[in-house]
Novice: 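Mind having a look at this structure? Questions to follow.
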Protein chains: 2
Amino acid sequence: MAQASLDALVEALRRLPGVGVKSAQRMAFHLLQHDREGAQRIALALQSAVAHVRHCERCHTFTETPVCAICLDGNRDVRQLCVVETPADQAAIERTGSYRGLYFVLMGRLSPLDGIGAGDIGAQQLLERAGDGHTEEVIVATNFTAEGEATAHVLAEALKARGLRVTRLARGVPIGSELEYVDLGTIAHALVDRR
Amino acid sequence: MAQASLDALVEALRRLPGVGVKSAQRMAFHLLQHDREGAQRIALALQSAVAHVRHCERCHTFTETPVCAICLDGNRDVRQLCVVETPADQAAIERTGSYRGLYFVLMGRLSPLDGIGAGDIGAQQLLERAGDGHTEEVIVATNFTAEGEATAHVLAEALKARGLRVTRLARGVPIGSELEYVDLGTIAHALVDRR
């Protein structure tokens, strides 16, 4: 595959997360040999998304309007603000249908080793957003990973210092799981948080 | 992620081989949040490749000119023709630096269950190509998988019927490997083909 535009395509596809040179070659071969219309569609979708997708002025999630649909929805409970890491996490909570408050999307998590500090996850904007006078409770729903927990801790301290009530999603045994196969840390938390 | 161009991007990225909805969401998030320049580069590379990459008139590999550089190279040995499944296989053989003949790239393999027959891998073009009067030996270098072996068998029969000498890459123990960890089929072949 020693052709300029083919090499450039393989090199470009490697910028996708989790895609190495072998995967990129396989993708390029598949698109050019079997799905050129798909290749065109991906190209147009990328250009459209780059041109139109921006961050919501209020909650920072991806949107194509200055303020996203959820933030504009007058039926949401303005007293609750849920803090998540990514739009995918927000979508997961929305799918439960059991939350009617608003969101703040960090678009990342604190990760000092990767050089991601409080400024990169919009901590200051979150504090301003939470201090709008309507918010009573901030539900910190970052992931239960080491980085997500550290992010939750830092944000919770700052939010509490401003007199806000801060909660965290309950940790416990997942529905449908058997205790035998649940990790010890989860069981220990479920015991402490028993109700 | 309930925005039109974002949803369209996730849907488009799923057309890449091996990419499901979670991977597509992760790719879209990464590009829009951290690498918009990369997204633009992928889009342009896709469009350029679709516009310029075609098949070589002689060997069927990907090329940007009517006939590829290898087929045009006057220093190659026109008496040998190596048949491979993909341009990546061709590149692997070229990297060895130990083959100076020409190629025919099938751009696939026989796979009746997927509806891929002799017409889809250019079997007829291969027979015409091999019958050019210069070719003396056809080295069938399809993969040593079930489908690759079946492809090799079908092509070899047709080529032999035209009076051509047909050979296959040697099967044996890979260099640097320990017998203890080599599969039994490979050792059995290496015993039969011992020299």
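In this text the structure is predicted, and so the values were computed from the model without any measurement. In the text below, chain A, chain B and the rest are named by the order of the sequence lines, each starting its count at 1.
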Novice: Verify the cluster assignment for F144(B) and L110(B): are they in a single hydrophobic cluster under the rule of side-chain heavy atoms below 4.5 Å apart?
Specialist: yes
Novice: With rounding to the nearest 0.5 angstrom, report the CZ to CG distance, F29(B) to D89(A).
Specialist: 8.5 Å
Novice: Could you see if V83(B) belongs to whatever hydrophobic cluster contains V78(B)? Use Ile, Leu, Val, Met, Phe, Trp, Tyr and a side-chain cutoff under 4.5 Å.
Specialist: yes
Novice: To the nearest 0.5 angstrom, please state how far the OG1 atom of T63(A) sits from the CG atom of L6(B).
Specialist: 10.0 Å
Novice: Any idea which of T86(B), L9(B), L13(B), T65(B) has the most non-hydrogen atom pairs under 4.5 angstrom with chain A?
Specialist: L9(B)
Novice: What residues of residues 31-51 of chain B make heavy-atom contacts with chain A at a cutoff under 4.5 angstrom?
Specialist: L31(B), L32(B), Q33(B), D35(B), R36(B), E37(B), G38(B), A39(B), Q40(B), R41(B), I42(B), A43(B), L44(B), A45(B), L46(B), Q47(B), S48(B), A49(B), V50(B)
Novice: For L16(A) and V19(B): C-alpha separation, side-chain torsions, deciding distance, then whether side chain to side chain contact (heavy atoms under 4.5 Å, CB included) applies.
Specialist: CA-CA 11 Å; L16(A) 293 169; V19(B) 174; over 6 Å; no
Novice: Just give me the residue among M27(A), E64(A), H30(A) that pairs up with chain B most often, heavy atom to heavy atom, under 4.5 Å.
Specialist: E64(A)
Novice: Taking atom CG of L184(B) as the centre, does the number of heavy atoms from other residues, nucleotides or ligands within less than 6.0 Å exceed 12?
Specialist: no
Novice: Specify which of H52(B), H55(B), M107(B) makes the most heavy-atom pairs with chain A at under 4.5 Å.
Specialist: M107(B)
Novice: Using a heavy-atom distance cut-off of less than 4.5 Å, which residues of residues 148-167 of chain B contact chain A?
Specialist: none
Novice: Hydrophobic clustering (ILVMFWY, side-chain heavy atoms < 4.5 Å, transitive) - are V67(B) and F104(B) grouped together?
Specialist: no
Novice: Tell me whether Q25(B) contacts the main-chain N or O of A88(A) through its side chain, where contact means a donor paired with an acceptor under 3.5 Å.
Specialist: no
